[in-house]
Amino acid sequence: MHDCLIIGGGPAGLTAAVYLARYRRLVRLIDAGESRARLIPTSHNCPGFKGIGGEELILRLREQALQYEVKFERGTVNALSRDRDNFRVRVGGEELQARTIILATGLVDKEPLLEVQGGDPRDVIRYCPICDGFEVLDLTVAVLGGKEAAEKARFIRSFTKDVLWFTQASTEAMPTDTQSFDVKCSGRAVRIEISPHGVAITTADGVTHHADLLYPALGCDVRSGLATALGARCAPIGTLIVDAHQQTSVEGLYAIGDVVTDLHQIAVATGHAAIAATAVHNRLPRNPR
């Protein structure tokens, strides 16, 4: 019987594992290897680093957890159930039991419906201007999507005056109030091509527009299904509702990171982890030395 099973091996899950292991709790982390943080080329606002790639950050956190003998399980959780006071987790053909669960399952950004042609999308496609808006100072930035894209374009205007806005469906309309931010509505994108010089977006009228970077703003899919299947409450956008200790409406089930908040930041995720892990430790039977 584990004290806690952590589902998700991104910054949030790994930080929670470190805390619980240092509290001398029997913890196991289950990771499918799909953390959103792995897609970060370089993070410049992660506390303590002038710049660090997502893969490297996860590696360092994993090494930190291993020094406290955290057990890792590679796989996808197929089912989560509750049996009286304990939880059962099925990973592949194996069933694990735990007194508590911490979900750090995150979310998945929706990608453009259009085919992206040319080079590596990671070179010019970004998703979070809160993370890297400072790095686009005075560059030409394209934003793709509907209402959420218009809001993202507005935010990016803090860093550059050259912001282009594109829809990817003829039904998407440009909110009129973004005109006051000098956001240019450039039409409906029909082709996206990556080149050594940036990204080229061709619109339905045959005009090709050039930008240094492209920010899709097409929404996301929150990985909250394991919790909602147990009756956990969630917000309209799918994020889980938690209390001040990161506990969901299901007793003993905690959630941290992007699956909880729409402020998708490493600093927020690790803060959630510290709160949840400490709450889990305090609710478990004492473990005196």
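Worth saying up front: this structure is predicted, and the values here are computed from it rather than measured. Numbers for residues simply follow the sequence, beginning at 1.
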Taking salt bridge (charged side-chain N to carboxylate O under 4.0 Å, His left out) as the definition, give me every residue that meets it alongside [X], ordered by chain and number, with sequence neighbours left out.
X	answer
Arg223	Glu34
Arg60	Glu56
Asp3	Arg99
Glu63	none

Check whether any side-chain N or O of [X] sits under 3.5 Å from a backbone N or O of [Y] as a donor-acceptor pair, and report yes or no.
X	Y	value
Gln246	Ala255	yes
Thr42	Gly51	no
Asp212	Thr140	yes
Lys152	Tyr127	yes
His210	Ala200	no
Thr270	Ala267	yes
Thr160	Leu139	yes
Ser249	Arg233	yes

Closest non-hydrogen atom pair between [X] and [Y], with its separation:
X	Y	value
His264	Cys128	O-SG, 4.3 Å
Val141	Ala211	C-CB, 4.3 Å
Cys234	Thr228	SG-CG2, 4.1 Å
Arg157	Val163	CD-CG2, 3.8 Å

message = Using the side chain to side chain contact (heavy atoms under 4.5 Å, CB included) definition, which of the options Val242, Val259, Leu103, Val260 pairs with Thr248?
response = Val242
[X]: which residues meet the side-chain hydrogen bond (donor to acceptor under 3.5 Å, both in side chains) condition with it, sequence neighbours left out?
X	result
Glu111	none
Glu193	none
His209	none
Glu135	none

key: Residue pairs passing the ring pair (Phe, Tyr, Trp, His ring centres under 6.0 Å) test where at least one lies in residues 20-56, sequence neighbours excluded   = Tyr23-His281
query = salt bridge (charged side-chain N to carboxylate O under 4.0 Å, His left out): which pairs involve residues 77-89, sequence neighbours left out?
reply = Asp83-Arg88, Arg88-Glu95
request  = Provide the full list of salt bridge (charged side-chain N to carboxylate O under 4.0 Å, His left out) pairs with a residue in residues 270-289, sequence neighbours left out, each pair given once.
outcome  = Glu251-Arg283
key: Residues, nucleotides or ligands: over 12 heavy atoms within 6.0 Å of Glu69 CD   = no
Whichever hydrophobic residues join Val18 through chains of side-chain contacts under 4.5 Å = Tyr68
ask   = Any side-chain donor paired with an acceptor under 3.5 Å for Asp205 and Thr203?
value = yes
